[in-house]
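All of these numbers come straight from a predicted model, not from anything done at the bench. Indexing begins at 1, ligand by ligand and atom by atom, following the structure's order. In this chain, numbering begins with 1 at the start of the sequence shown.
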Amino acid sequence: MSQFPKDFLWGAATASYQVEGGHDAEGKGLSNWDVFSHLPGTTYQGTNGDVAVDHYHRFKEDVALMAELGMQTYRFSISWPRLLPQGTGKVNEAGVKFYSDLIDELLKHNIRPMITLYHWDLPQALQDKFGGWASREIVDAFDGYARLCYERFGDRVDLWSTFNETIVFIGMGYFTGQHPPKLNDPKVGIQACHHVFLANARAVKSFREMKINGQIGFVNVLQPNDPISDSLEDRRACEFAEGIFTHWLYDPVLKGEYPAELLAMAQQAFGVPEFHPGDEQLLKENIVDFIGLNYYKREMIAHNDDINGFEMNNSGQKGSGRGLGFKGLFKTVRNPNGVYTDWDWEVYPQGLTDAIGRITHRYGNIPIYITENGLGAKDPIVNGEVLDQPRIDYLRDHIKATADAIAQGADVRGYYPWSFIDLLSWLNGYQKQYGFVYVDHENNLARKKKLSFDWYRKVIESNGETL
Ligand code: BGP
């Protein structure tokens with residue numbers, strides 16, 4: 001018998017900037033990523049999403065492949081500047097039509113859409129006008145955009161999430177500088193993060209006010225942290241890391257408040273987040289319906305007296321990443337016994353079970369979707385076939401880890417591997433592949449099914465029994 005409930009949803013995920021292309025098609029406005037990726041030295045070998053895998057023009061072909069894979073649900077994001085080129089105001093009807101047609105095509109094939117409203121592509125106009133997330137004005141702008149999406153798509157879509165991975169777009173945008181707007185300013189970053197929580201709460205409120213028939217959640221990175229040793233210093237550093245990576249980002253959307261101790265520390269050190277009257281109530285009254293978890297890896301943590309900064313491996317040269325450190329607080333370190341990908345991400349399926357357990361322990365038995373999970377690799381091509389056996393092994397072990405979490409009582413309702421198709425990895429170009437479908441960049445972006453495609457089709461067909 002399957003270890004998954006019979007209404008469990010099997011799907012796969014993508015994000016607008018990473019697949020669509022059509023960066024200036026039919027009235028779309030520029031996003032922050034359209035601008036950022038064209039600045040010298042920002043991405044791997046200058047790769048960008050101008051064309052990406054041209055999903056904007058080929059979505060029917062892609063949906064047909066999804067149907068062939070047997071996908072029951074598809075998680076994708078909407079490009080805000082495709083709908084609202086200036087971020088607010090005049091609607092680009094061609095952009096609305098694209099998503100509307102995509103939704104209809106999915107429904108025609110019995111694939112349930114899950115929309116992410118914000119997967120990092122901010123209208124550049126709002127960055128220029130008031131500094132994007134750094135300004136409180138973004139909260140109204142985001143709410144207006146969310147309302148437009150509910151109005152146009154809410155009749156056909158019943159699974160929504162507001163944000164994808166605040167830790168990444170705020171952390172790397174405002175603290176470590178690898179993403180737009182390239183800042184290293186904790187004070188601005190903490191306040192920007194507060195605006196994200198407010199924007200989430202406002203969009204959840206609107207969702208309920210507009211009586212959209214469905215559920216709305218928030219997607220976070222799920223990253224379990226474990227201390228590298230049993231020493232008191234390393235355990236303390238790890239607690240702090242867990243507080244920042246998890247509690248700071250989950251508490252405001254699942255409990256409607258910040259973790260008290262960390263809040264006091266931030267306000268003492270930087271004087272932020274700054275609350276306006278009504279903020280606390282807004283957060284408290286608008287808890288999300290579910291949490292989306294993106295799980296790739298765990299991090300081992302040590303105390304840190306020396307390192308400040310973040311050196312990533314964006315090349316796929318194993319061992320070239322140096323990790324993240326906040327001096328005096330904590331740093332990430334390599335697990336000497338760990339198995340690592342070419343991008344220095346630890347492969348640790350047990351961490352998924354453990355981390356789900358930590359979430360349900362802290363927040364109760366909330367509905368959960370695994371909204372991303374996957375292996376980034378340079379897939380081998382043998383006699384023209386893409387033989388991505390390591391991906392199959394990775395996904396199989398993580399699906400088992402998900403089944404273990406369910407057996408322990410967690411309410412996991414669906415699983416979306418990252419990604420449906422090979423797409424642009426933000427900073428790693430097209431060589432870091434995640435998909436079930438290969439895209440031939442030398443041959444007019446032709447699609448080709450990988451070994452994992454047929455494997456995952458059987459997983460879905462058997463509701464997770466055939467692994
Ligand atoms: C998550 C993002 C995805 C995707 C994935 C893989 O953080 O939500 O958009 O990119 O990670 O990351 P990467 O492409 O850096 O390997």
(message) Could you tell me if Arg358 sits above the aromatic ring of Tyr250, with its cationic atom closer than 6.0 Å to the ring centre and no more than 45 degrees from the axis?
(response) no
(message) Tell me if the centroids of the rings in Tyr56 and Phe98 come within less than 6.0 Å of each other.
(response) yes
(message) I'd like to know whether the aromatic ring centres of Tyr118 and Tyr145 sit less than 6.0 Å apart in this structure.
(response) no
(message) If you take the centroid of each ring, where Trp contributes its six-membered ring, are Phe142 and Phe163 closer together than 6.0 Å?
(response) yes
(request) From the options Asn225, Ile228, Leu324, select the one residue that forms a side chain to side chain contact (heavy atoms under 4.5 Å, CB included) with Thr332. (result) Leu324
Show me a pair-per-line table, with atom names and distances to 0.1 Å, of protein N or O atoms that are under 3.5 Å from an N or O of ligand 1.
residue  : atom   : partner : partner atom : Å
ligand 1 : 7 (O)  : Glu165  : OE1          : 2.4
ligand 1 : 7 (O)  : Glu165  : OE2          : 3.1
ligand 1 : 8 (O)  : His119  : NE2          : 3.2
ligand 1 : 8 (O)  : Asn164  : ND2          : 2.9
ligand 1 : 8 (O)  : Glu165  : OE1          : 3.3
ligand 1 : 8 (O)  : Glu372  : OE1          : 3.2
ligand 1 : 8 (O)  : Glu372  : OE2          : 2.9
ligand 1 : 9 (O)  : Gln18   : OE1          : 2.8
ligand 1 : 9 (O)  : His119  : NE2          : 2.8
ligand 1 : 9 (O)  : Trp426  : NE1          : 2.9
ligand 1 : 10 (O) : Gln18   : NE2          : 3.1
ligand 1 : 10 (O) : Trp426  : NE1          : 3.2
ligand 1 : 14 (O) : Ser425  : OG           : 2.5
ligand 1 : 15 (O) : Asn428  : ND2          : 3.3
ligand 1 : 16 (O) : Lys432  : NZ           : 2.7
ligand 1 : 16 (O) : Tyr434  : OH           : 2.6

(request) For a side chain to side chain donor-acceptor pair (under 3.5 Å) with Tyr416, tell me which candidate from Thr14, Thr371, Thr73, Asn294 qualifies. (result) Thr73
